[in-house]
Amino acid sequence: MPGIPYRGRFAPSPTGPLHAGSLLAALGSWLLARQAGGEWLLRIEDIDPPREVAGAAAQQLRTLQAFGLRHDGEVAWQSRRGHLYRAALNRLLAQGLAFECHCSRADVAAAGGIHRRCVATAPRPDPAIRLRVADGCEVVFDDAVHGQVSQQVDRDVGDFVLRRTDGLWAYQLAVVVDDAAQGVTDVVRGADLLDSTARQVLLQRALGLPMPRYAHLPLLLGEDGRKLSKSDAALPVDAADPLPSLHMLWTCLGQPPLPAEADAGVPAFLQHAIAGFRLDRVPRRAQAASAAVHNTPATSRD
Ligand code: GLU
């Protein structure tokens, strides 16, 4: 987006404390925003109360602060932005791009797990709303880490949910509306969301919204070789002693060791990191966090 100032963001869901994997996404996205002299917004994606953990958002904010990852402006809370999602949904419905779906989970499962047309035999009181995905719909986009990525959305995903049967907003709709409403130019996040990006691009097109640039950073793997998750205590982040974690994340981002002065404290580390960070060194492949603790830098893109 030439001419438009850089604006990045970090958008955690408050489903638990930040683990090293989410912090890696926060650090990479923060470094790129600061390097570009841009802004870095913080948005708490609290639209799924059943999955929310009390106190998690406040804890996430404290962790980011301890790691020196300051955000610009006010924190945005998705739970307060329902009117924006409603307006976007109404536009899609009015244009015939979205539709009410009475299918049950079992109906969709019986049809192969991918929704292509409604197969419900009876109306339900709480229909979902889905985006209609045209036959043969292939989305191709560029990712700064993964290169050209394409997805056949009709075949791989099908008509996808924008508002759930329980009345809650789907992540895909909320994230697209918010990234556009907040003027986000660069979405830098974990590679677990690479698979959601084609859906988000489709929604941007349907709503006539600009498409941000994308960069998906590597996932972190725990000791057992599995992706870290918020419910995983495997690699807790020590907010009381952030430097060792910052070094580990830096290594997992494929970056070479920083000069010794970077060990003076969090501000010194971040200052050197802003100066030295290079996106073209970031590996595509998931990284073993424990290997990085023992300082084995990632060497290649794949
Ligand atoms: N809220 C999402 C999560 O915590 C991330 C959304 C995004 O960065 O697009 O996984």
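Order of appearance sets the numbers: ligands from 1, and atoms from 1 within every ligand.
Side-chain contact between Leu220 and Leu249: present, with at least one pair of heavy atoms (C-beta onward) separated by less than 4.5 Å. Using a 4.5 Å cut-off on side-chain heavy atoms (C-beta onward), Arg34 and Phe277 make no contact.
A side-chain N or O of Arg43 and one of Gln182 form a donor-acceptor pair less than 3.5 Å apart. No hydrogens or angles considered: nothing links the side chains of Asp107 and His102 as a donor-acceptor pair under 3.5 Å.
The residue Thr15 has no part lying near ligand 1, judged by heavy-atom distances below 4.0 Å. At a heavy-atom cutoff of 4.0 Å, ligand 1 is contacted by the backbone of Pro12 but not by its side chain.
Taking every non-hydrogen atom of Tyr171 and a distance limit under 4.0 Å, the qualifying atoms of ligand 1 come out as 6 (C), 7 (C), 9 (O). Less than 4.0 angstrom separates some heavy atom of Ser13 from each of these atoms of ligand 1: 1 (N), 2 (C), 3 (C), 4 (O). Numbered from 1 in the order shown, with element, the atoms of ligand 1 that lie under 4.0 Å from a heavy atom of Arg189 read 7 (C), 8 (O), 9 (O). Those atoms of ligand 1 with a heavy atom of Val175 less than 4.0 angstrom away are 9 (O). Short contacts between ligand 1 and Arg9, defined as distances under 4.0 Å to a heavy atom of the residue, involve ligand atoms 7 (C), 8 (O), 9 (O).
The pair Asp46-Arg80 does not meet the salt-bridge criterion, since no charged nitrogen lies less than 4.0 angstrom from a carboxylate oxygen.
Gln271 CD: 12 or fewer foreign heavy atoms inside a 6.0 Å radius.
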